[in-house]
Number of protein chains: 2
Amino acid sequence: MKQEINENTENKIIEAANSVFEKKGYDGTKMQEIADTAGINKALLHYYFRSKDKLFEMIFSMAFRKLVGKLEFLFDENIPVIEKIKIFIDQHTDFIAANRHLPLFIVNEVNRRPEIFVKLLSGIYEKDDRLHRLLAQIEKETKEGVLKPFDPRHVFLNMIAMNIFPFAAKPLVKGLLRMSEDEFRQFITERKRIVTEIIINSIAAK
Amino acid sequence: MKQEINENTENKIIEAANSVFEKKGYDGTKMQEIADTAGINKALLHYYFRSKDKLFEMIFSMAFRKLVGKLEFLFDENIPVIEKIKIFIDQHTDFIAANRHLPLFIVNEVNRRPEIFVKLLSGIYEKDDRLHRLLAQIEKETKEGVLKPFDPRHVFLNMIAMNIFPFAAKPLVKGLLRMSEDEFRQFITERKRIVTEIIINSIAAK
DNA sequence: GGAAGGTTTAACCAAATAGTTAAACCGGTT
DNA sequence: AACCGGTTTAACTATTTGGTTAAACCTTCC
């Protein structure tokens with residue numbers, strides 16, 4: 001019983017902290033607001049997570065893994081590169097739409113305090129073999145004449161940038177392009193097709 | 001003389017406030033740090049700009065105009081669309097490189113407090129005729145068979161996204177792709193060509 | 001020289017905020 | 001029923017921070 005209550009409270013805190021930190025960033029977040037959101041006392045927050053820094057570090061690394069984890073599909077799946085990209089863009093766009101503040105949160109906090117992300121990096125470096133397998137796959141398909149030679153780093157960045165930007169800058173985009181919420185949704189649906197086309201076009205052999 | 005001193009101090013404040021706000025955002029910025037950066041007393045800051053909000057509003061609207069102003073080239077210049085895009089990407093990339101924190105600053109603050117940007121929008125809407133001229137130009141070149149039909153909103157967003165993202169997420173990109181500062185610079189130089197190619201490809205008639 | 005007026009500073013204030021403490025609470029155990 | 005452990009709370013503390021005040025400091029003008 002105790003355990004259940006305990007985990008329940010802990011989860012409520014984590015959920016609340018996640019929501020507030022993602023939206024407002026470290027500096028914009030007050031412990032009181034997290035407590036309020038979780039429906040608990042501020043002292044209880046410190047009982048479960050000693051300090052704002054400790055709590056933040058936990059939320060941040062969770063968020064980071066969540067975001068980077070979505071990339072695993074690119075490495076793991078054993079399907080042709082072009083097919084892979086089609087599926088990835090579709091899924092990734094949906095994921096970002098459902099987690100609008102996540103990418104900006106990560107980018108901001110890594111900019112603000114790069115140290116927080118250095119330790120998380122090593123966990124990624126360890127999975128180097130997967131990267132090599134992907135590069136080998138690309139090389140193979142290039143030799144087969146399916147793909148033309150290209151720099152995967154740029155393609156990767158282009159894809160991520162085009163996927164993330166409209167959501168990260170959503171109020172700006174809606175404002176500048178004068179869109180309603182519905183038009184924005186429509187716009188995003190169109191984008192999936194357009195971005196996929198552009199990326200495929202930039203790597204497919206003619 | 002008074003006037004000179006006055007403007008000198010005011011400029012020092014504006015420069016300092018700009019630098020600190022852009023890097024740390026509204027919440028991360030302390031008036032004391034601005035004062036220190038400007039080499040003046042905190043009270044003097046309040047003498048020139050009554051409150052943090054007032055100072056911020058000024059810096060923000062300056063920054064916003066600076067960023068949006070760079071887009072004017074797209075509307076004003078009377079040269080073929082494809083040529084326009086080539087020049088724009090080259091110049092815009094250099095501009096963002098020299099103002100790394102600017103786009104993220106704008107995006108963040110508009111996300112955090114959309115009202116601050118509503119009033120700035122009207123100033124842009126007033127220049128609607130330029131937008132219509134650009135759209136007419138595109139339509140004309142499409143009819144001439146130079147361009148294929150496309151949605152300018154997506155093309156615009158794609159261009160901006162690919163230009164801005166690597167700088168906004170610079171530490172992340174450098175970390176994940178394991179680049180030195182020199183390699184990053186090199187990478188950006190390559191990007192100009194690649195992004196230009198991709199964008200042109202997505203609008204040029206075959 | 002000194003009065004006048006804008007500029008600059010040191011010292012201060014009040015509110016916000018991260019973090020602490022000690023007591024109350026509550027479920028299970030004997 | 002009394003107690004023991006972990007959990008929760010109200011009340012408090014210390015520090016940070018935006019903002020104020022009153023005096024000191026020029027510079028200009030008479």
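Below, chains carry the letters A, B, ... as their sequence lines are ordered, and counting in each starts from 1.
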Watson-Crick and G-U pairing of DNA chain C, under 3.5 Å, as dot-bracket with | and [ ]:
||||||||||||||||||||||||||||||
Verify the ring-centre separation between [Y] and [X]: is it less than 6.0 angstrom?
X      : Y      : result
A/F167 : A/H101 : no
A/F60  : A/F21  : no
A/F165 : B/F165 : no

[X] [atom1] to [N] [atom2], straight-line distance once rounded to whole Å:
X     : N      : atom1 : atom2 : result
A/I34 : C/dT17 : CD1   : P     : 12 Å
A/I40 : C/dC25 : CD1   : P     : 19 Å
B/N8  : C/dT8  : CG    : P     : 9 Å
A/K54 : C/dA18 : NZ    : P     : 16 Å
B/Y48 : C/dG6  : OH    : C1'   : 9 Å
A/D36 : C/dA16 : CG    : C1'   : 14 Å

Should the pair A/K52 and A/Y26 be classed as cation-pi, given the thresholds of under 6.0 Å to the six-membered ring centre and 45° from the axis?
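Judged by the rule (NZ or CZ under 6.0 Å from the ring centre, within 45° of its axis), A/K52 counts as positioned above A/Y26.
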B/T9 side chain N/O closer than 4.0 Å to the phosphate oxygens (OP1, OP2) of C/dT8?
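The answer is yes; a side-chain N or O of B/T9 sits under 4.0 Å from OP1 or OP2.
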Does a side-chain N or O of A/Y47 approach OP1 or OP2 of C/dG19 to a distance below 4.0 Å, or not?
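For C/dG19, OP1/OP2 do not have a side-chain N/O of A/Y47 under 4.0 Å.
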Among A/R133, A/E141, A/K140, A/E139, exactly one meets side-chain hydrogen bond (donor to acceptor under 3.5 Å, both in side chains) together with A/Q137. Which residue is that?
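Of the listed options, the one satisfying the test is A/E141.
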Within residues 14-24 of chain A, find the residues that approach DNA chain D with a heavy atom at under 4.0 Å, and present them sorted by residue number.
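Heavy-atom cutoff 4.0 Å gives no residues at all.
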Answer yes if the side chains of B/R191 and B/N163 hold a donor-acceptor pair under 3.5 Å, and no otherwise.
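Result is no, nothing qualifies.
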Do B/Q186 and B/D182 meet the criterion of a side-chain donor-acceptor pair at a distance under 3.5 Å?
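No, no side-chain donor-acceptor contact under 3.5 Å.
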In plain terms, say whether [X] and [Y] are close enough for a salt bridge, that is, a side-chain N and a carboxylate O under 4.0 Å apart.
X      : Y      : answer
B/E57  : B/K119 : yes
B/K24  : A/D27  : no
B/K192 : B/D94  : yes
B/E181 : B/K174 : yes

Are any protein N/O atoms closer than 3.5 Å to N/O atoms in nucleotides 18-23 of chain D? If there are, list each pair with its distance.
unit_1	atom_1	unit_2	atom_2	d
D/dG18	OP1	B/T29	O	3.4
D/dG18	OP1	B/K52	NZ	3.4
D/dG18	OP2	B/M31	N	2.9
D/dG18	N7	B/K42	NZ	3.2
D/dG19	OP2	B/H46	NE2	3.3
D/dG19	OP2	B/K52	N	2.6
D/dG19	N7	B/K42	NZ	2.8
D/dG19	O6	B/K42	NZ	2.6

